[in-house]
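The sequence lines fix the lettering, A, B, ..., with proteins before strands; numbering per chain opens at 1. This one's a predicted model, so the numbers in the text were calculated from it and none came from an experiment.
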Protein chains: 2
Amino acid sequence: MANRRASITDLAKALNLSTSTISRALADHNDVSEATKKRVRELAEELSYQPNQLAAALRRGRSNTLGVLVPHITGNFFPQVVNGIALEASKAGFNVMICQSNEDVKQERKNIDLLMNSQVEGILVSVSNTTQDFGHFDAVRSQDVPLVFFDRIVEGFRGNNVSAVMLDDYQGAYQLVSHLIEQGCTRIAHFTGPLHINIHKNRHQGYRDALTAHGLEIDEDLISVMELNQKTGTAAMKRMLKQSNVPDAVFASNDLAAVGAMQAAKAQGLRVPQDMAIAGFSNEVFTSLTEPTITTVDQGCETMGISAVRLLQKMLNGNPDRQAQPRNVVLRPKLLVRESSLRKPE
Amino acid sequence: MANRRASITDLAKALNLSTSTISRALADHNDVSEATKKRVRELAEELSYQPNQLAAALRRGRSNTLGVLVPHITGNFFPQVVNGIALEASKAGFNVMICQSNEDVKQERKNIDLLMNSQVEGILVSVSNTTQDFGHFDAVRSQDVPLVFFDRIVEGFRGNNVSAVMLDDYQGAYQLVSHLIEQGCTRIAHFTGPLHINIHKNRHQGYRDALTAHGLEIDEDLISVMELNQKTGTAAMKRMLKQSNVPDAVFASNDLAAVGAMQAAKAQGLRVPQDMAIAGFSNEVFTSLTEPTITTVDQGCETMGISAVRLLQKMLNGNPDRQAQPRNVVLRPKLLVRESSLRKPE
DNA sequence: TTGAAAGCGCTAACAA
DNA sequence: TTGTTAGCGCTTTCAA
């Protein structure tokens with residue numbers, strides 16, 4: 001039973017060779033004879049030898065591992081980004097260690113410690129909502145471990161080895177609202193989340209600027225700030241339908257609120273999109289399952305993960321143009337026009 | 001800049017103490033004077049000392065890490081299970097290393113190797129669809145690393161240190177179909193995935209047995225085997241509505257197909273649930289966003305993750321009753337009755 | 001209460 | 001082409 005794992009030393013003893021020869025043979029160095037390599041490989045196979053990465057990493061001073069820290073590993077957005085990260089990291093020969101903060105600063109701090117202790121060669125992080133103090137990132141920065149913030153970035157946190165990748169929420173909203181205007185909507189309501197949150201602030205600004213750019217007035221009565229979910233979306237829609245100035249479209253800053261709004265509109269007998277166009281943001285799975293399907297903005301989650309890793313690679317030791325200031329990347333989201341906003345044939 | 005990470009040796013030199021004393025002080029051993037501990041801790045803080053887990057793990061022969069291998073880290077199900085795993089593992093003081101196979105045996109094999117090389121103390125795995133050969137798990141078993149299969153298990157793969165946790169799909173389906181019958185449905189169609197896949201086989205059997213138990217005949221014309229998604233659900237529903245024996249309910253083996261079926265029914269002017277009751281399986285997010293909301297079966301994903309870790313712990317060294325045969329756990333799913341099947345007031 | 005010394009498994013100079 | 005030796009950073013006996 002308890003087959004102790006075979007080590008290089010075991011192989012060396014069995015074959016009457018030194019550990020260095022074994023090590024070199026396994027690494028396929030070219031200063032080992034083919035004959036020896038063959039013997040080593042065969043025995044390794046037979047004993048189902050597994051190299052001990054811990055030892056190798058310790059010796060090399062390189063763990064070959066990247067750390068990822070996200071608020072959640074559930075939901076739609078983060079798993080997809082992490083997927084992108086895992087994909088790109090694996091291409092570059094890195095393993096990935098994934099942690100979640102559960103939107104809790106304490107957890108976040110603990111996880112950063114964990115990642116640092118695990119000697120990761122770089123860290124990709126999307127900060128928790130509740131994070132106000134960023135001291136734990138100082139440790140990362142001061143030890144010169146490359147750090148990439150994605151999606152939820154820490155404004156003003158600069159450093160030699162700090163980059164960021166984010167989404168151009170402003171552009172996404174701008175495009176979306178422009179599309180609604182082109183469809184003939186003139187009284188476009190906006191359901192937004194708390195405006196101190198970046199993504200909502202930016203989407204909101206995109207909304208305002210798109211209206212202005214197309215010569216439409218901004219009607220503050222058509223703007224509603226709330227915690228965005230299905231219930232609040234429904235409630236806000238109901239409220240607006242009682243106003244004197246009823247909207248002919250709703251742009252909700254997330255898809256859940258859009259669904260809620262759509263359901264309320266339909267419940268009042270309005271046709272979507274003819275009487276009321278609806279649009280959301282994020283391209284959640286369910287937006288293509290509702291009736292009608294919901295126009296939204298795709299965030300290219302995977303692309304974000306990929307970009308983040310590439311940014312990180314630029315900062316890693318051994319990169320020739322490492323001197324160059326690490327760049328920040330802003331990704332363009334993609335408008336997805338679906339039934340809920342399409343009044344005119346395309 | 002490049003603040004080399006402080007090591008115990010550094011602390012020892014700076015304080016004129018031996019590395020062993022430092023190590024003990026940091027570990028809060030009680031054979032170190034409080035005064036010394038204080039000095040050590042303060043300096044450690046000042047130099048923002050981070051213990052090197054690689055070295056500690058190597059020395060101890062314990063990595064304190066569990067490995068998780070899932071087909072995907074996206075979607076609804078697996079992230080939630082992984083969440084449960086992470087939760088419970090963290091409680092027990094374990095870190096978690098997460099890998100995805102992307103439903104590819106090769107990746108799966110590579111990942112198992114990676115986990116073994118990383119000296120994980122146990123592995124939790126849900127096997128890829130395409131896995132036919134299970135040789136890579138032999139390595140795990142023979143090295144006596146505890147192995148827990150969850151959800152997608154390998155039938156007949158037994159071992160001293162192998163357990164499994166799965167869902168009682170049969171029961172879930174049985175309950176669900178019984179519910180439909182209680183609601184007055186008598187011609188219940190079943191949309192199922194390929195029957196060589198376990199979950200579908202079991203759900204299908206639950207369906208059949210529930211009908212029989214309630215004295216209903218099984219009509220093979222009401223059973224449709226397909227790749228389950230929204231499109232195929234729609235198509236199957238349309239087909240059935242043209243049959244002579246039109247169903248009055250549909251139990252789809254996943255939620256996507258249920259949505260598709262519901263949309264087709266509504267498109268034909270049928271009322272859901274009055275004319276056609278609809279039910280799915282898995283409690284995907286969107287099932288509570290459709291109109292009407294969809295009756296489904298919740299799989300208790302998090303619970304599955306938690307159970308898996310507990311099962312693993314039972315097999316770890318140091319467990320007193322480790323001798324006891326590792327158990328397999330079967331979890332009870334939970335019926336969620338929603339609007340799409342509720343004909344009678346509750 | 002502290003220190004000396006060994007060694008986890010591996011790699012990489014340097015030597016032969 | 002192979003071996004010798006040292007050491008990555010840590011923990012842990014054993015001795016003082």
Side-chain angles (χ1 to χ4, degrees), chain A residues 3-41 43-44 47-65 113-114 116-121 143 317, chain B residues 3-41 43-44 47-65 113-114 116-121 143 317:
Chain A
N3 252 327
R4 200 178 61 68
R5 296 167 180 200
S7 69
I8 284 196
T9 314
D10 298 333
L11 298 186
K13 277 186 190 139
L15 294 177
N16 239 318
L17 287 168
S18 71
T19 56
S20 29
T21 302
I22 306 288
S23 174
R24 285 187 283 242
L26 292 171
D28 203 19
H29 270 244
N30 34 6
D31 47 1
V32 176
S33 76
E34 272 310 322
T36 308
K37 280 188 192 171
K38 186 147 177 282
R39 286 171 63 212
V40 173
R41 284 194 197 119
L43 186 63
L47 301 184
S48 62
Y49 164 76
Q50 304 262 14
N52 184 330
Q53 293 229 317
L54 260 43
L58 176 61
R59 173 61 230 238
R60 284 209 193 94
R62 293 204 42 197
S63 65
N64 233 271
T65 301
D113 269 4
L114 169 64
M116 292 298 285
N117 294 350
S118 304
Q119 314 297 113
V120 296
E121 299 186 32
Q143 315 252 342
N317 289 309
Chain B
N3 252 329
R4 200 178 61 68
R5 297 171 180 199
S7 69
I8 284 195
T9 314
D10 297 333
L11 298 186
K13 277 186 192 141
L15 294 177
N16 241 316
L17 288 168
S18 71
T19 56
S20 23
T21 301
I22 306 289
S23 174
R24 283 187 284 240
L26 291 171
D28 203 19
H29 271 243
N30 35 4
D31 48 2
V32 176
S33 75
E34 273 310 321
T36 309
K37 279 188 192 170
K38 187 147 175 280
R39 288 171 64 211
V40 172
R41 285 194 197 120
L43 185 66
L47 302 183
S48 62
Y49 165 76
Q50 304 262 15
N52 184 329
Q53 295 229 316
L54 260 45
L58 176 60
R59 172 59 229 241
R60 284 208 192 95
R62 292 203 46 198
S63 66
N64 233 270
T65 301
D113 269 3
L114 170 63
M116 292 298 284
N117 295 349
S118 304
Q119 313 297 114
V120 297
E121 298 185 31
Q143 315 253 344
N317 288 309

For atom [atom1] of [X] and atom [atom2] of [N], their distance in whole Å:
X        : N       : atom1 : atom2 : answer
Leu15(A) : dT1(D)  : CG    : P     : 18 Å
Asp10(A) : dC8(C)  : CG    : P     : 10 Å
Ile22(A) : dA12(C) : CD1   : C1'   : 16 Å
Arg39(B) : dT2(C)  : CZ    : C1'   : 12 Å
Lys13(B) : dA4(C)  : NZ    : P     : 14 Å
Arg62(B) : dT12(D) : CZ    : P     : 11 Å
Arg60(B) : dG9(C)  : CZ    : C1'   : 17 Å
Glu34(A) : dT2(D)  : CD    : P     : 11 Å

Reported [atom1]-to-[atom2] distance for the pair [X] and [Y], which is rounded to 0.5 angstrom:
X        : Y        : atom1 : atom2 : result
Arg59(A) : Leu54(A) : CZ    : CG    : 15.5 Å
Thr19(B) : Lys13(B) : OG1   : NZ    : 10.5 Å
Ile8(B)  : Tyr49(B) : CD1   : OH    : 4.0 Å

Using modelled atom types and a 3.5 Å cut-off, is there a donor and acceptor pairing between side-chain atoms of Ser63(B) and backbone atoms of Gln119(B)? yes

Do the side chain of Arg39(A) and the main chain of Leu15(A) share a donor and acceptor less than 3.5 angstrom apart? yes

Pick out the pairs of N or O atoms, protein on one side and nucleotides 5-7 of chain D on the other, that lie under 3.5 Å.
unit_1 : atom_1 : unit_2   : atom_2 : d
dG7(D) : N2     : Arg59(A) : NH1    : 3.1

Tell me, which of residues 23-32 of chain B have any heavy atom that sits under 4.0 Å from an atom in DNA chain D? Ser23(B), Arg24(B)

Judged by nearest nucleotide, the residue sitting upstream toward the 5' end of DNA chain D, Ala55(A) or Thr21(A), is Thr21(A)

Considering heavy-atom distances to DNA chain C, does Leu17(B) or Leu58(B) have its closest nucleotide positioned more toward the 5' end? Leu17(B)

Apply the test side-chain contact (heavy atoms from CB on, under 4.5 Å) to residues Arg62(B) and Glu121(B): give CA-CA distance (whole Å), side-chain angles for both, the deciding distance (0.1 Å), then the verdict. CA-CA 7 Å; Arg62(B) 292 203 46 198; Glu121(B) 298 185 31; 2.8 Å; yes

Do you know the tightest heavy-atom contact between [X] and [Y]?
X        : Y         : answer
Asp28(A) : Lys37(A)  : OD1-NZ, 2.8 Å
Leu26(A) : Ala44(A)  : CD2-CB, 4.2 Å
Gln53(A) : Leu114(B) : OE1-CD1, 3.9 Å

Tell me what Asn117(A) touches on the nucleic acid: a base, only sugar-phosphate, or nothing, going by heavy atoms under 4.0 Å. nothing

The side chain of Thr36(A) lies closest to which of these nucleotides: dC10(D), dG9(C), dT2(D)? dT2(D)

Could you please name the option among dT1(D), dG3(D), dC10(C) that lies closest to any side-chain atom of Tyr49(A)? dC10(C)

